Structures are given as structure tokens and as C-alpha cells.
Amino acid sequence: MSKLLPWIAGAALVALPFIYNSPYPLHIIVIILIWSFVYTSWSVMGRFGLVSLGHGGFLGVGAYVNALLWNNFGLTPWIGIPLAMLAAAGLAVLIAYPCSRFRITGHYFALVTMALSAIVLQVITATRDVTGGSLGYTPQRVPGGSSLFAFQFTDKETWYWIALAIWGGGLFVRWYVDRSMMRYALEAISEDEDAASAAGVHVTAEKLKITALSAAMTALGGALYCQYQMFISPDTVSGISASLQMVFASVVGGIYVLLGPTVGAVITIMLAEVLRIGFGTAAVGWDNFVYGILLVLFIIYLPQGIVGSLMAKLRGARVGS
Amino acid sequence: MSAIFDIYLLEALINGVLLGGVLALLALGLNLIFGVIDVVWICYAELIMMGMYSMYYLYSVYHLPFVVVAIISMAGVGVLGVLLHVIVIQPLLGAAPINQLLATGGVLALLQSTATITFGIDFKNLGIRLPVIEIADMFVSYTRLLAFGVALLGMVVLYLFLSRTYTGTAIRAIAQDRQIMPLMGVDTKRIYIITSAIGGVLAGLAACLLVLQYDVHPFIGLTFGPITFMICVLGGLGSMVGGFIAAFVFAEIISVGGLYLELEWGYVFAFVFFIVMMFVRPQGLMGRRS
């Protein structure tokens, strides 16, 4: 039964728009799926103690490279998105390689990567002639609205299936990493780098692989967000706030469990939406207020996150009975 | 033509030195906290923002004298520092360092949104206009000169406190060896609280100086925050001399880089310089790493 459960849940999710396709809830679900994918991408490396605050930078690179290629050269996102992912992965390697070589870990790694996301934000803002600066950027729409070539679709159902597929793909990648030798190598590295290295783990290569993977996935999320919203601004897709948002949602859901970041995305986005609908403009700032308090409380009392703690409880109950 | 050019460059260099004084002050409090308690307050710049709001409201709305306002604000931010330590850091002292960092990241979001909710998102200005001094065709803002002077004074006072008083000696001793000091009869908990208070007061002092130059708004912390961390890391986290040197290096890059291109590029150069330096000297300019 528990083997079948993911398949049943998956089939139910795929079938959802046939039963229920009210545009607003579907829009929220698409947004949740895209961010779930981004948070999962962050947790792919975050769970091994590689806490990066640079993912806001990768998200921005993904969104802007793809949109700029489309607007300036008419390059289809089918090529633009892989290029954006490559660019983000390249940037990640550029940072991660020296970090690993010179043993920049923990605090230092978080601060260096934070500098990276600050750089991406500043570069986007400074090159305002090309990127529109802090006013944001809009990919050119194709006449008629929908085009497979331009990766633009007007109906929410199509976007729902795309986002669902990408999210499922993200979960699969994380699950795959979980079952590979890489996981043992990275866990060993996070416990003790010297010991891992002595045991024959190629520390730098392993770190680079996971960082590039995580960055490329995050860039894909950024590009997808851009194609769906058709508007990006440096403050929403890059910078330290975007990075902290990823860390926050992942920690709340639980970074050590597969569905943790997804649950984190559901909670944070629903919270923001409920506040927005319930209180309108009076709610400005309240969602961050609640996030801030929750983040502090979770790290002090529930560092495993919601899903992680629940699973630990269930496991404990099973062992106890 | 080249003569005029040089004057602009010199002006930028001088302004860089003045900016460096304020940046050095910003880094000082964070460095003290890191050196002694071994945590990074990601929300440090948001504490400064709270100080700036306190300055704005007490001075512009309640019309108290400037010096009184400055003292109240510094004390207020000092109290915030203590609260931050007692409520957030103390329960996490034994946790992984990265958890402490993330928890203060939560406080960052909390303070930012508190400011948004309570004070609104519009820019607020103290409304004090100090004159601009003209020396040999160069313009130097009096505000910056004042900020530079007070920042230096603050650093000297802190230095004297750390080197001449019993508590200061205990603080430095803890920064050197965390394990052994409790055995020597030093109350670590008390020292941590005092250090947090000093860190807060320094943030408050920085707030008093910054509010003269910049408008305050809820997201102003994101302007100084990253640069402050980079200065501390570049100087070697916990090393006050290193932080001091790094602050001036950064300020010159921002000021001169901003002269030739736009101001954002000054920051971009500074950040790139930071990343390059991390690879050249990962332990920081004056850092000692275990």
C-alpha cells in the first residue's frame, strides 16, 4: 500500500484540472509548485550542511538570462532555459571550486555566497539599460498569447501540468541523489571533511557536482517563474531576500525529508495569500513578520521542520508499539 | 583637463576615507560579537535601522534635543542587542553555527516587517542639513566629516574599555579561549550579555551617524548589511584591526568605482573584490583560523 501511495497521489494530481479548474486556486497551485521546485533545489545541497545564501543569484541568472535571450535575439526558451541553467551552474562552480579548495565552509560559505546574490542583484540593477533595472523586466509576448516555440501559454491548465512535471522531476532528482553513492560521500563530508577525504572521497568533486546541480535546478525554477508570470524584478528573483526566503521555507518544512520544502512552500505561500485576501493592503509586512517569528521558533524548537518532526514522531511511535 | 580629473579623483578618495570611518564603525560591533560570542548577527543592519527610526521619531516628531535623542537611541538599540542575545542566541549556543546564523536571519525578516507595519514604507528624513565644506575646489560634506570623527572616537573609547577595564579584559580573554575562562571564574553568561549590549550600542551609534546622511526606510538594512558582513569576513571575522583596514579598502573601491561609473558599479566592484580576496586569503586579512 505505501508503495502505491505516491503513484495514486501523482495520478490524482495529474487529473486535478479535469475535475476542478477554477482559475484563481489553480494559479496559486502553479505558484506553489514552482516555488516548491525551487526550494527543493535549494535543499538538494542545503541538507548536506552546504547552506548557500547565493541561490537568489542563481534564480536571478535563470530568470534574466532566458528572458534577455528571448527579447534580444528571439532565442526560444527551449534553448534559452538550458543556456540559463548552464550559466547558473557555471557561476556556481566558479564560486564553489575555490570555496572547497580553500576550506570555506559553514559561516564563511554562507557569507561568501551571500555576496554572490548581492552581486547579481546589483549587476541587474546597474545594467538598467539592458535589464530594466529595479523597475523589472517583461518578456515579449507572442501575438495570440500561446506558443510552444515561445514557451508562453495563456491557459492555467497547461501551466499546471508543466509546473507539476517540473516539480515531480525535482523530487525525482532529490530522491535519486538520496539513493546514490553521492549521498554517502556528501554526508561523510558534512561530518568530517578530513576523514571523508582520507576514506577516498573526492571532496571537491562531490561538492562541485551537487552545487552545480542545485544551481542549475534553481535557475530552471527562475526561468519557469518568469515564463509563467511574464514579469520579473531584481527584488523578487535575486538578492539576499530571495535567498533567505528559500532557506526559510525549506527549514520550516524540513530540509532532511523529501517533501519538506514542498510543505514549506505550501505554508508560506498560503499564509501570504490568506493575509493578502483577508486584510488587503493592511497586511503588507505581516507575512514576513509571521515568517520571521516562525523561522526563529523552528530553529530553536523544531530544527527538523514540520514534516521532519512528524516523521520522527511516527517512527518513534512505530518503534514503541 | 587632467587637472580637473585629478581633483575629482582626490575628492572621491577623501570621501572614501570618510565613508571608511563609518563602515569601520559598522563592522566593529559585528566583529566584537563574533569574536566574543562566536555568532554572526545577520540582522545587525536591521538593528541599525531600528536606531535610525528611533532617531527620526524622537527628533523630528517629538522634538527632543539631538544629544538626548542620540543617547536614548543608542541605549534602545543596546537593549535590543541584549534581547536578541537572551531570546534567540542563548538557546542556540550549543547548536550548529549555521542555525544561529539562520535564526538571526529570521530576526532580520521580523525587524524589517515590524518597521514596515509600524512606520510604513515611505522614506523618512531627519531634516538636518549641515553645510558642505569647500576646500581647494573640492566638496566635502560636513556630515561625513562629523560621522568620521565620531566613528573614530567611538573606536578609541571601545579600545580603552577593552584594554583598561576588568570587564574589557574578561571580554578579550573569552574571545581568546572560550573553554578555559569559565574555569578561571569568569561568568560567561554575564560577559555575553555585556558584549551584546556593547554591540547594540555600537549599532545605535552607527544609526545616529547614518541618519544624518541617509533617509530611513524598512529596507535600508539591505543596503549596509551585505557590505558590513563582507568587511568583517575580509578583515578576518573577529579581528578588529583587520575589519578596520578592510573598511577603508572597501570604501575606497566604492567611492572611486562610483566616480567612473554609477554608484551600483562601485558596489559590484567591492563585492567582486571581496570574492577574489576570499580565494587569495580565505582567513581574512588579519584572521586566525583554526
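Because the structure is predicted, anything quoted here is derived from the model rather than measured. Below, chain A is the first sequence line, B the second, and so on; all start at residue 1.
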Please classify the contact between A/V290 and chain B as side chain, backbone, both or neither, with a heavy-atom cut-off of under 4.5 Å.
neither
Other residues, nucleotides and ligands only: do more than 12 of their heavy atoms fall within 6.0 Å of CZ on A/F231?
yes
For chain A, find which of B/L101, B/L92, B/T116 contributes the most heavy-atom pairs closer than 4.5 angstrom.
B/L92
Side chain, backbone, both or neither of B/I87 within contact of chain A (heavy atoms, under 4.5 Å):
backbone
CG (B/N99) and CZ (A/F298) are apart, to the nearest 0.5 Å, by 13.5 Å
Heavy-atom proximity to chain B below 4.5 Å, by part of A/L121
neither
Between A/I299 and chain B, with a heavy-atom cut-off of 4.5 Å, which part of the residue counts as in contact: side chain, backbone, both or neither?
both
Whatever's closer than 4.5 Å to a heavy atom in chain B on A/F289 counts as both
Identify which part of A/V247 has an atom lying under 4.5 Å from any heavy atom of chain B, answering side chain, backbone, both or neither.
side chain
Any A/V112 side-chain heavy atom under 4.5 Å of B/M230 side chain
no
Report which part of B/P91 has an atom under 4.5 Å of a heavy atom belonging to chain A: side chain, backbone, both, or neither.
side chain
Just to be sure I understand the criterion: a residue of residues 102-112 of chain B counts if one of its heavy atoms is under 4.5 Å from a heavy atom of chain A. Which ones qualify?
B/L102, B/A103, B/G105, B/G106, B/V107, B/L108, B/A109, B/L110
Region of A/I293 that comes under 4.5 Å of a non-hydrogen atom in chain B:
both
Relative to chain B, which segment of A/A110 carries a heavy atom at a distance below 4.5 Å: side chain, backbone, both, or neither?
side chain
Applying the side chain to side chain contact (heavy atoms under 4.5 Å, CB included) test to B/P226, which of A/I240, A/L111, A/L53 qualifies?
A/I240
A/S117 versus chain B, the contacting section by heavy-atom distance below 4.5 Å
neither
Please check if atom CG in B/L93 has more than 12 non-hydrogen atoms from other residues, nucleotides or ligands closer than 6.0 Å.
yes
Reported CD1-to-CZ distance for the pair A/I119 and B/F269, which is rounded to 0.5 angstrom
11.5 Å
Other residues, nucleotides and ligands only: do more than 12 of their heavy atoms fall within 6.0 Å of CZ on B/R190?
no
Heavy atoms from other residues, nucleotides or ligands near CD of A/E187 exceed 12 (cutoff 6.0 Å):
yes
Heavy-atom neighbours of B/F119 CZ exceed 12 at 6.0 Å
yes
